[in-house]
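Written out below as structure tokens is the structure these notes cover.
Indexing begins at 1, ligand by ligand and atom by atom, following the structure's order.
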Amino acid sequence: MEKQILVTGGVGYIGSHTVVELLESGFEVIIVDNLSNSNMNALDGIEEITGKRPLFEKLDVCNKSQLSSFFEKYSGIEAIIHFAAFKSVSESVANPLKYYHNNLTSTINLLYFMKKKDIPYMVFSSSCTVYGQPDELPVSEKAPVKKATSPYGNTKQVMEEIISDTLLSTPSLKAISLRYFNPIGAHPSALIGELPTGVPDNLIPFITQTAIGIHDELKVFGDDYNTPDGSAIRDYLHVVDLAKAHVVALQRLLKKQNKANYEIFNLGIGKGVSVLEAIESFERATGEKLNYKIVDRRAGDVEKVWGDTSYANKELGWKAEISLDDAMLSAWNWEKYLKKRKNINT
Ligand code: UD1
């Protein structure tokens, strides 16, 4: 029987784009998702893009008995790509227990079944948030993990530690943590993309929602940072580039090319972009004019962070290729598609 790849959170933003790349690389995929922050339209989008509908089971990875039945049913799983997690920094500050419970329990449960069912490989969805405000930029994987600035960030740090400790005790398991910088944009088909519930926290969905008229204006959080134009700096990479990195990491494990049982890679474009530069890029790429105003800094934001991605470039043979302007255009095409879909459904 063909080996299968389990993708948790596979109908979410990064998950759905990764499933497309996996299917297009010939993998057989099973998605589990509790749909808490995603919806089944993404599955239709995946099918429309690839011509294949992956197996899907609606379940909560935190529920051990549901997971146990799942692993009884599917015995051919060789690797897990683990996306299922909550990801809002602000919500995690307001409701830390929800974040600790969900993000840690799901990871512990998956590792438990990896041991029990001899599933050797995991690719884990981590974040540059583990670096906090780094002392040196660009930040490399060797930089110290600093005290997290939010419970969300802390869950990513602790999840990495749980994985690393479990691998130490069980050398038959191997994992790769991918520390993403800021994923943006949507599939070029505009059939899948980011689907924020409620008012988006993140910059790019707020930009596109403002341009399409959902919000009157974008608030730029701070222009008094120690940066060339005063606004905060991030490393924005296109979600399709990011999705492709997951396939490469998975193949590295499957082909036993990993150099240690646990490896960590930064994934970004390797260049810092300010909020004001991101707005300019959006306007240039789409021809839309964005209404924005400068307001106070947002609590908990770091001033500047971008990645040293040379290790991923060299070891994985992966490089982010899609430009910021193209990423902005793809996000805008997705926003327009969402509006069209809403109009059809109302
Ligand atoms: C943070 C985390 C990231 C995590 C993500 C999850 C860090 C460095 N990054 O991303 O790891 O995956 O949350 O949501 O901890 N901005 C505005 N106006 C807005 C929205 C954002 O000016 O309406 C600014 C922010 O102040 C920031 C930049 O845009 O400077 C990017 O913000 P956002 O998209 O929310 O991502 P991060 O906070 O960097």
Quiz prompt | Residue from Val29, Leu6, Ile30 passing side chain to side chain contact (heavy atoms under 4.5 Å, CB included) with Leu55 | solution = Ile30

Practice problem: Could you please spell out the steps behind the ring pair (Phe, Tyr, Trp, His ring centres under 6.0 Å) verdict for Tyr337 and His187? | Solution: CA-CA 12 Å; Tyr337 167 78; His187 194 270; over 10 Å; no

Quiz item: Tell me, which protein residue and heavy-atom name are nearest atom 20 (C) of ligand 1, and how many Å apart are they?
Solution: Asp201 O, 3.3 Å

Practice problem: May I ask you to check whether Ser231 and Asp223 show a side-chain donor-acceptor distance below 3.5 Å? | Solution: no

Exercise. Output the list of atoms in ligand 1 that are nearer than 4.0 Å to some heavy atom of Lys219, sorted by atom number.
Key: 17 (C), 18 (N), 19 (C), 22 (O), 23 (O)

Practice problem: Decide, yes or no, whether a salt bridge links Asp44 with Arg53 under the criterion of side-chain N to carboxylate O below 4.0 Å. | Solution: yes

Quiz item: Which bit of Asn182 is near ligand 1, meaning a heavy atom under 4.0 Å away: side chain, backbone, both or neither?
Solution: side chain

Quiz prompt | Identity and distance of the protein heavy atom lying nearest atom 24 (C) of ligand 1 | solution = Val275 CG2, 3.8 Å

Exercise. For atom 39 (O) of ligand 1, grab the closest protein heavy atom and report residue, atom and distance to one decimal in Å.
Key: Arg234 NE, 2.5 Å

Quiz item: Numbering the atoms of ligand 1 from 1, which are under 4.0 Å from a heavy atom of Val302?
Solution: 8 (C)

Self-check item: Protein contact of atom 1 (C) of ligand 1 - nearest heavy atom, named by residue and atom, plus distance
Solution: Val89 CG2, 4.0 Å

Exercise. Considering the heavy atoms of Lys87, write down every atom of ligand 1 situated less than 4.0 Å from one of them.
Key: 6 (C), 14 (O)

Self-check item: Numbering as shown, the atoms of ligand 1 that approach Val220 to under 4.0 Å (heavy-atom distance)
Solution: 22 (O)

Quiz prompt | For atom 35 (O) of ligand 1, the protein heavy atom that lies nearest, with its residue and separation | solution = Arg298 NH2, 2.9 Å

Quiz item: So Tyr311 and Phe265, would you call those rings parallel, tilted or perpendicular, with 30° and 60° as cut-offs?
Solution: parallel

Quiz item: Is it the side chain, the backbone, both or neither of Thr149 that has a heavy atom closer than 4.0 Å to ligand 1?
Solution: neither

Quiz item: Can you tell me if NZ on Lys271 sees more than 12 non-hydrogen neighbours from other groups inside 6.0 Å?
Solution: no

Quiz item: Is Trp332 isolated, or which residues cluster with it under the ILVMFWY side-chain rule of less than 4.5 Å, directly or via members?
Solution: Ile184, Val199, Leu203, Ile204, Phe206, Ile207, Ile212, Ile214, Leu218, Val220, Tyr236, Val273, Val275, Leu276, Ile279, Phe282, Leu290, Tyr292, Ile294, Leu324, Met328

Quiz item: Hey, does Tyr292 sit under 4.0 Å from ligand 1 if you only count heavy atoms?
Solution: no

Exercise. Consider only side-chain N and O atoms of Glu24 and Thr50, and report whether a donor and an acceptor are under 3.5 Å apart.
Key: no

Quiz item: Taking only heavy atoms of Ser127, which atoms of ligand 1 are found under 4.0 Å from at least one of them?
Solution: 3 (C), 11 (O), 12 (O)

Quiz item: Should we say atom NZ of Lys117 is surrounded by more than 12 heavy atoms from elsewhere, each under 6.0 Å from it?
Solution: yes

Quiz item: Looking only at distance, does Ala232 have an N or O less than 3.5 Å from an N or O of ligand 1?
Solution: no

Self-check item: Those atoms of ligand 1 less than 4.0 Å from some heavy atom in Thr129
Solution: 11 (O), 15 (O)

Quiz item: Can you tell which of Trp306, Phe86, Phe221 gets a heavy atom nearest to atom 17 (C) of ligand 1?
Solution: Phe221

Practice problem: Check each of Tyr152, Tyr180, Phe206, Phe181 against atom 12 (O) of ligand 1 and report the one with the nearest heavy atom. | Solution: Tyr152

Exercise. Output yes when the distance from some N or O of ligand 1 to some N or O of Leu203 is under 3.5 Å, and no in every other case.
Key: yes

Quiz item: Starting from atom 31 (C) of ligand 1, which protein heavy atom do you reach first, and at what distance in Å?
Solution: Tyr236 OH, 3.5 Å

Quiz item: With a 4.0 Å cut-off on heavy atoms, does Tyr131 reach ligand 1?
Solution: no

Quiz item: Can we say Glu263 and Arg252 salt-bridge, meaning some charged N sits less than 4.0 Å from an Asp/Glu carboxylate O?
Solution: yes

Quiz item: Going by atom types only, do Asn266 and Thr309 share a side-chain donor-acceptor pair under 3.5 Å?
Solution: no

Quiz item: How does Asn202 reach ligand 1, if at all, at less than 4.0 Å between non-hydrogen atoms: by side chain, backbone, both, or neither?
Solution: both

Quiz item: Should the pair Tyr99 and Phe86 be assigned to parallel (<30°), tilted (30 to 60°) or perpendicular (>60°) ring geometry?
Solution: tilted

Quiz item: So which heavy atom in the protein is nearest atom 9 (N) of ligand 1, and how far is it from that ligand atom?
Solution: Cys128 SG, 4.3 Å

Quiz item: Any salt bridge between Glu315 and Lys259, counting N to O under 4.0 Å?
Solution: yes

Quiz item: What protein heavy atom sits nearest atom 26 (O) of ligand 1, and how far off is it?
Solution: Asp301 OD2, 2.5 Å

Quiz prompt | Sidechain N-carboxylate O distance under 4.0 Å for Asp296, Lys219 | solution = no

